[in-house]
Each structure stands twice: as structure tokens, then as C-alpha cells.
Amino acid sequence: MDEMTRINLAAQKVIDALGTAEIGVILGSGLGDYADSALDAKRLSYAEIPGFPVSTVPGHAGMLVCGTLHGKRVAMMQGRFHYYEGYSMKDITLPVRVMQKMGVKTLIVTNACGGVNLDFNPGDLMVISDMLSLTGVNPLMGPNLDAFGPRFPDMSCVFDRQLRTLAHETARAQGFSLREGVYCQFPGPCYETPAEVRMARILGADAVGMSTVPEAMVARHGGMRVLGISCITNMAAGILDQPLCHEEVTEMANRVKERFKGLVDGVIAKA
Ligand code: HPA
């Protein structure tokens, strides 16, 4: 089956079940329950969507939810797909294509990541200013989907300036400030080595994680406005004299969750 047919089949099922949406949100680790605050919400399990992979990471529910927030229809992914799970880049980004078919023009991508910038602290929220990938693969490889965007899409401003400003203003109005920086994707699933973290810093990264770049790239290819917000759940490997573990990441993600949800909610209200 070609990629366009696959997208159309998945989109048809999703639109039949959930309707259309103008804003899309990819809810990263620990943020999934934000979707529960939507009114008139309809839900569809990934398992019911033809061609959708099934999320294998604990803390990722595997549900597409579409509901009303601040008078806008918002499609939310409770749980995303990661390259380290063994999925292809096309699998990982299929939901972004489907959201675009639903009518989504603005995509908010969230994640948990490790802080590389030494000024950052665990618990900080960071607006993504730009991104770099060390996975060596690109979700736009293969025949170009002309219906979505050009063969050689511009990536000189992946993350929308107005949305970034809106995120900062929203945080300020809620009594806190946001960091801003470059997100670097490693393939995972192991956390980086201290040498990789030093390398990432030299390359210009402020944070390292295992997601987000493919989704943002495909969203931009399709002409969506993209906002990326990261939760710095830990300092990246080698910065502190202690090993990293998934529990530390989920614990911090949980601690920051209310603030993170408040920020996303405030942005949706004005986006
Ligand atoms: N590295 C990569 N991914 C992550 C990290 C990290 O330190 N923390 C949370 N996700």
C-alpha cells in the first residue's frame, strides 16, 4: 500500500469517529490526562485506526481524543510513537498526517527531555526554538507527498515565532517563566553517554530527547504552525554524578504536570 492510501484510510476512520479539529496536540510523557479536560470528547484507540502503530511505552495511553477546549476543536494524542520502539519514521509521523486531514492547522508538540544547557534545572519548561536530529533518518524520505508539501521543504523556522511568544506570555501571566532552546533528538532507547551529551552541547543543543523532531518536520512539510514545549525532567547524562532512570523522568514529569497542562491550555485559548 502506498503512503497516501495508508494516510487516507487512517484519516477516514478518524474523521468518521472523531470529526474535524483545528488544533492538534501531541501529549508527551505524563501529560496524557490533559485530554480529559476537553468537553464533548470522543475517543478512538490507536488499535482501532487502520495502519496506526500501538504505543508500547508505559505512561502512553494510546488514544486519539478529540474535544472542545476554549471553543476550539482540539485533537490530542495520548501517547506518541518513538523511533526506538522499532517503528519507521513514516509510522511515527502518520498521526501528524492524519491530523492534517482532520483540518489541523496548528500543532503543539510536547515531550520530556534531558537538560544539556548548564543553566537549566530539572522541572524547567522550555520552548523549542529549533531542533537537530542525530537519528540519521528523515520521515520525508521516499516519494514526496505533493498534496502535503514540496520535495525540499524549508526548515528555516520550524517553530512558529508568534506561538513561541504566546507561550512565553502565557507562562508569564501564570506566574512563571520558560526557558528557550534547541532540542536534539537521539534515537534512544538508551540515554545518551556523557560524551554524547558534551557533543550535543558543542553542536548547539540545550536539551536532548528521543522524539518530536520527526513530527515537527512532517507538520512543517504540511505547512502547519508548530509549537514545541519540553519538560526538562533531568539533567542529561554526565552532568550530575548520578545514573539516569525512567522513574526519575516520570516522577519529574508528574511533578511539573499541572504547570505544563496550564501552559498548554493557556496557549490553546489564544492560539
Ligand atoms: N535523554 C533523552 N531522552 C530523555 C531524557 C534524557 O536525558 N530525559 C527524558 N527523556
Side-chain angles (χ1 to χ4, degrees), residues 25-34 55-61 77-87 89 92-93 108-137 139 159 178-217 227-261 263-264:
V25 188
I26 301 178
L27 297 165
S29 305
L31 278 187
D33 64 1
Y34 175 64
S55 187
T56 65
V57 190
H60 288 255
M77 285 184 74
Q78 283 182 319
R80 61 144 58 77
F81 308 116
H82 304 83
Y83 192 52
Y84 65 72
E85 293 176 85
Y87 299 122
M89 284 284 171
I92 292 167
T93 53
I108 302 173
V109 189
T110 66
N111 63 49
C113 65
V116 171
N117 185 322
L118 299 174
D119 291 335
F120 289 2
N121 294 302
D124 286 349
L125 296 178
M126 181 187 89
V127 175
I128 304 178
S129 58
D130 201 354
M131 63 188 193
L132 62 102
S133 170
L134 297 175
T135 60
V137 281
F159 298 97
L178 299 175
R179 305 290 195 165
E180 180 148 338
V182 174
Y183 176 94
C184 172
Q185 182 183 5
F186 277 85
C190 50
Y191 291 111
E192 301 71 29
T193 64
E196 286 170 332
V197 171
R198 286 194 299 274
M199 172 183 75
R201 188 180 299 119
I202 291 166
L203 295 179
D206 295 291
V208 285
M210 306 177 192
S211 67
T212 300
V213 171
E215 294 108 312
M217 210 171 254
L227 175 67
I229 306 174
S230 297
C231 173
I232 311 286
T233 50
N234 56 280
M235 294 314 287
I239 294 178
L240 306 176
D241 189 21
Q242 63 187 49
L244 302 185
C245 66
H246 185 58
E247 287 67 35
E248 175 189 1
V249 169
T250 50
E251 195 192 310
M252 183 53 83
N254 267 330
R255 253 202 265 170
V256 182
K257 180 164 99 170
E258 293 309 317
R259 173 176 284 198
F260 205 161
K261 287 195 292 189
L263 174 64
V264 170

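Both counts, for ligands and for their atoms, begin at 1 and track the order of listing.
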Within a distance under 4.0 Å of any heavy atom of Thr233, pick out the atoms of ligand 1 and give their elements.
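Ligand 1 atoms under the 4.0 Å threshold to Thr233: 8 (N), 9 (C).
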Taking 4.0 angstrom as the limit and counting only heavy atoms of Val249, give me the atoms of ligand 1 inside it, by number and element.
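Reading through ligand 1 atom by atom, the close ones are 8 (N), 9 (C).
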To the nearest 0.1 Å, how far is [atom] from its closest protein heavy atom, and which atom is that?
atom                    : answer
atom 5 (C) of ligand 1  : Gly114 N, 3.4 Å
atom 3 (N) of ligand 1  : Gly209 CA, 3.4 Å
atom 2 (C) of ligand 1  : Glu192 OE2, 3.2 Å
atom 10 (N) of ligand 1 : Ala112 O, 3.3 Å
atom 8 (N) of ligand 1  : Asn234 OD1, 2.7 Å

Quick one: does [X]'s side chain have a donor or acceptor within less than 3.5 Å of a partner on [Y]'s backbone?
X      : Y      : result
Arg201 : Val116 : yes
Arg80  : Thr110 : yes
Thr93  : Pro139 : no
Tyr183 : Ser211 : yes
Ser133 : Thr135 : yes

Sub-3.5 Å N/O-N/O distance, Tyr191 and ligand 1:
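For ligand 1, there is no N or O atom that lies under 3.5 Å from one belonging to Tyr191.
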Got a salt bridge between Asp119 and Arg179, using NZ or NE/NH1/NH2 to carboxylate O under 4.0 Å?
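Salt bridge: no.
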